[in-house]
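The shown structure was predicted, so the numbers you read here are calculated from the model rather than taken from an experiment. Computed from heavy atoms alone, side chains included, the values below leave out hydrogens, waters and symmetry copies. Nothing fancy with the numbering, it's 1 onward along the sequence.
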Amino acid sequence: MSHDPLFPGTEDERDEPSKTSAIALIRSKVARAYGMEPNAAEELAEAQAARTPSKHQRFMQELSSSGKSLAEIQTAWHKYYTTLSDKEKHEVWQEFYEANQHTPYQKLFQKQQPVHSRYQPAPEALLQPATQPQGVVVADHTPVQPYTPRKSVGDRTASRALKGKIAKKISANGKLTAKHHLQSLGFGLASGFVVLVLFLFTFFNEYIIAPFIQPSRNVSSTPIILSDNTVAADAPPSVTVPKINIQIPLNFNVSSFDETEVENGLKSGVVHYPSTVLPGQNGNGAYFGHSSGNIFNNGKYKFAFTLLHDITTGDLFYITYSGKTYAYRVFAREIVPPSDVGVILDTKGKQATATLITCDPPGISTNRLVLWGEQISPDPAGNSAAPASTGATGPGSLAGNGPTLWSQFVDKLEFWN
């Protein structure tokens with residue numbers, strides 16, 4: 001038979017499975033707590049409950065009847081405890097555990113200490129007695145080291161399982177195959193293609209949209225030569241082409257060939273070239289309209305002459321101006337470079353003509369499509385003579401579709417740089 005000075009009893013009794021864990025916990029807690037006394041309030045309750053008080057309990061009973069406050073009792077109890085020998089300190093703790101034998105040991109130990117002392121102190125602090133109440137600071141004034149509780153085995157296992165599940169999900173269960181790489185490549189290429197299409201459509205949609213333009217259906221597609229050319233005096237100037245169902249305002253207010261002024265004029269319809277004759281005068285009147293423009297540009301006549309390439313010789317178009325409607329029959333068409341500015345004055349040997357000009361192919365300013373129409377109504381015999389030439393310089397080139405959204409974007413970048 002052997003004896004443990006802290007835990008009396010036979011070795012067989014101590015080895016009972018039901019007590020093994022409790023004994024190990026008690027030893028650990030007692031070893032840590034030896035440097036500090038039990039809480040004074042607990043000792044007071046213990047002393048009052050004792051039928052045959054011990055030396056230490058009698059001391060606490062005297063303190064309780066002295067009229068001192070709990071803080072003063074705690075201080076006096078601390079001073080008393082620090083003068084005890086290790087054997088006597090063991091007696092104090094033995095009495096404390098006997099009085100609280102039905103309280104779980106872990107809760108019992110934590111119950112005696114303030115929040116800060118529930119963390120495990122540094123190893124060197126275990127060897128020195130406490131010098132402050134409640135065991136907050138050890139004798140050499142070294143602060144108690146905070147203790148970060150370790151995760152339980154269950155928490156660590158769950159954490160590892162979750163990380164493994166995520167890793168397997170990302171890496172295709174840890175077995176990436178050529179199929180997975182091809183899928184990633186395909187997704188990247190598809191995303192890039194979508195971005196490219198959006199980019200190109202934003203800046204160059206005039207080339208994409210032009211083939212699908214459907215003009216207004218408000219105009220009859222049946223060519224009719226008017227018997228009475230008179231219209232309301234306040235009727236706005238316009239050009240009408242029944243075959244392609246368009247009726248578009250005519251702008252006679254452009255006074256120069258400056259490209260910027262011409263482009264601004266095109267926002268309100270088809271532009272009349274200022275150096276050419278007016279309807280009802282002998283000679284050639286020239287009219288320019290866009291075939292295609294970026295949908296993000298200003299103006300609603302960006303696609304005025306998109307379908308002008310469908311007009312052939314023999315087709316009719318009409319120009320309303322100053323209370324009259326003039327009918328023209330197409331007799332010639334040509335595709336010329338932008339530099340061929342002579343077409344705006346060329347009558348092709350006719351007395352009174354009108355030319356409709358636009359970019360060709362639609363959306364691209366590479367060439368110009370020019371249609372000549374001879375006046376057939378009213379009778380050109382009643383026309384006035386062409387005005388005398390002022391000697392003004394003509395345009396350097398025929399107007400185009402104007403700057404694309406991309407060119408405007410680049411110009412702005414260059415301006416800010």
(Q) Using side chain to side chain contact (heavy atoms under 4.5 Å, CB included), reason through E88 and E91 one step at a time and then give a plain yes or no. (A) CA-CA 5 Å; E88 290 174 318; E91 292 173 354; 4.2 Å; yes

Quick one: do the [X] and [Y] side chains pair a donor with an acceptor below 3.5 Å?
{"X": "S339", "Y": "S397", "answer": "no"}
{"X": "S255", "Y": "E261", "answer": "yes"}
{"X": "H272", "Y": "T276", "answer": "yes"}

Interatomic distance, [X] atom [atom1] to [Y] atom [atom2] [nearest 0.5 angstrom]:
{"X": "T82", "Y": "L84", "atom1": "OG1", "atom2": "CG", "value": "7.5 Å"}
{"X": "L307", "Y": "I246", "atom1": "CG", "atom2": "CD1", "value": "8.0 Å"}
{"X": "K68", "Y": "T75", "atom1": "NZ", "atom2": "OG1", "value": "9.0 Å"}
{"X": "L308", "Y": "H290", "atom1": "CG", "atom2": "NE2", "value": "14.0 Å"}
{"X": "E263", "Y": "D258", "atom1": "CD", "atom2": "CG", "value": "10.0 Å"}
{"X": "I357", "Y": "L398", "atom1": "CD1", "atom2": "CG", "value": "5.5 Å"}

Quick one: closest heavy-atom pair of [X] and [Y], and the distance?
{"X": "A385", "Y": "N282", "answer": "CA-ND2, 4.3 Å"}
{"X": "S268", "Y": "N251", "answer": "OG-ND2, 3.1 Å"}
{"X": "S275", "Y": "I344", "answer": "OG-CD1, 3.9 Å"}
{"X": "D315", "Y": "K243", "answer": "OD2-NZ, 3.1 Å"}
{"X": "A399", "Y": "Y273", "answer": "N-OH, 3.0 Å"}
{"X": "H309", "Y": "R333", "answer": "O-NH1, 3.2 Å"}

Q: Walk me through it: do N383 and Q281 pass the test side chain to side chain contact (heavy atoms under 4.5 Å, CB included)?
A: CA-CA 5 Å; N383 285 0; Q281 294 178 338; 5.8 Å; no

With heavy-atom distances below 4.5 Å as the criterion, would you say the side chains of [X] and [Y] are in contact?
{"X": "P249", "Y": "V270", "answer": "no"}
{"X": "F288", "Y": "C359", "answer": "yes"}
{"X": "Y287", "Y": "I319", "answer": "yes"}
{"X": "F257", "Y": "P274", "answer": "yes"}
{"X": "V341", "Y": "P395", "answer": "yes"}
{"X": "T355", "Y": "W372", "answer": "yes"}

Q: For the pair Y328 and F317, name the ring-plane relationship: parallel under 30°, tilted 30 to 60°, perpendicular over 60°.
A: parallel

Q) Is a donor on one side and an acceptor on the other found under 3.5 Å between the side chain of E72 and the backbone of S69? A) yes

**Q.** Main-chain N/O of P378 paired with Q375 side-chain donor or acceptor, under 3.5 Å
**A.**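 Yes.
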
**Q.** side-chain hydrogen bond (donor to acceptor under 3.5 Å, both in side chains) evaluation trace for N284 with T347
**A.** CA-CA 5 Å; N284 186 58; T347 64; over 6 Å; no

Q | K348, NZ atom: more than 12 neighbouring heavy atoms under 6.0 Å | A | yes

Q. Would you call E374-K350 a salt bridge at under 4.0 Å N-O?
A.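 So E374 pairs with K350 through a salt bridge.
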
Q.
Before you tell me yes or no, could you show the steps for Y321 and F252 under ring-ring contact (aromatic ring centres under 6.0 Å, His included), namely the whole-Å CA-CA distance, both residues' side-chain angles and the distance that decides it to 0.1 Å?
A. CA-CA 10 Å; Y321 176 74; F252 286 89; 4.7 Å; yes

**Q.** Chi angles and distances behind the side chain to side chain contact (heavy atoms under 4.5 Å, CB included) call for F305, I244
**A.** CA-CA 9 Å; F305 282 169; I244 58 175; 5.5 Å; no

(Q) Between T306 and S291, does the side-chain hydrogen bond (donor to acceptor under 3.5 Å, both in side chains) criterion hold? Intermediate values first, please. (A) CA-CA 4 Å; T306 297; S291 67; 5.7 Å; no

Q) Looking at Y301, does the NZ or CZ of K267 lie under 6.0 angstrom from its six-membered ring centre and within 45 degrees of the ring axis? A)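 Not flagged: K267 not positioned over aromatic ring of Y301.
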
**Q.** side-chain contact (heavy atoms from CB on, under 4.5 Å), paired with I311, selected from L316, L356, L369, L371
**A.** L371

Q | side chain to side chain contact (heavy atoms under 4.5 Å, CB included) between V330 and T312, intermediate numbers included | A | CA-CA 7 Å; V330 176; T312 60; over 6 Å; no

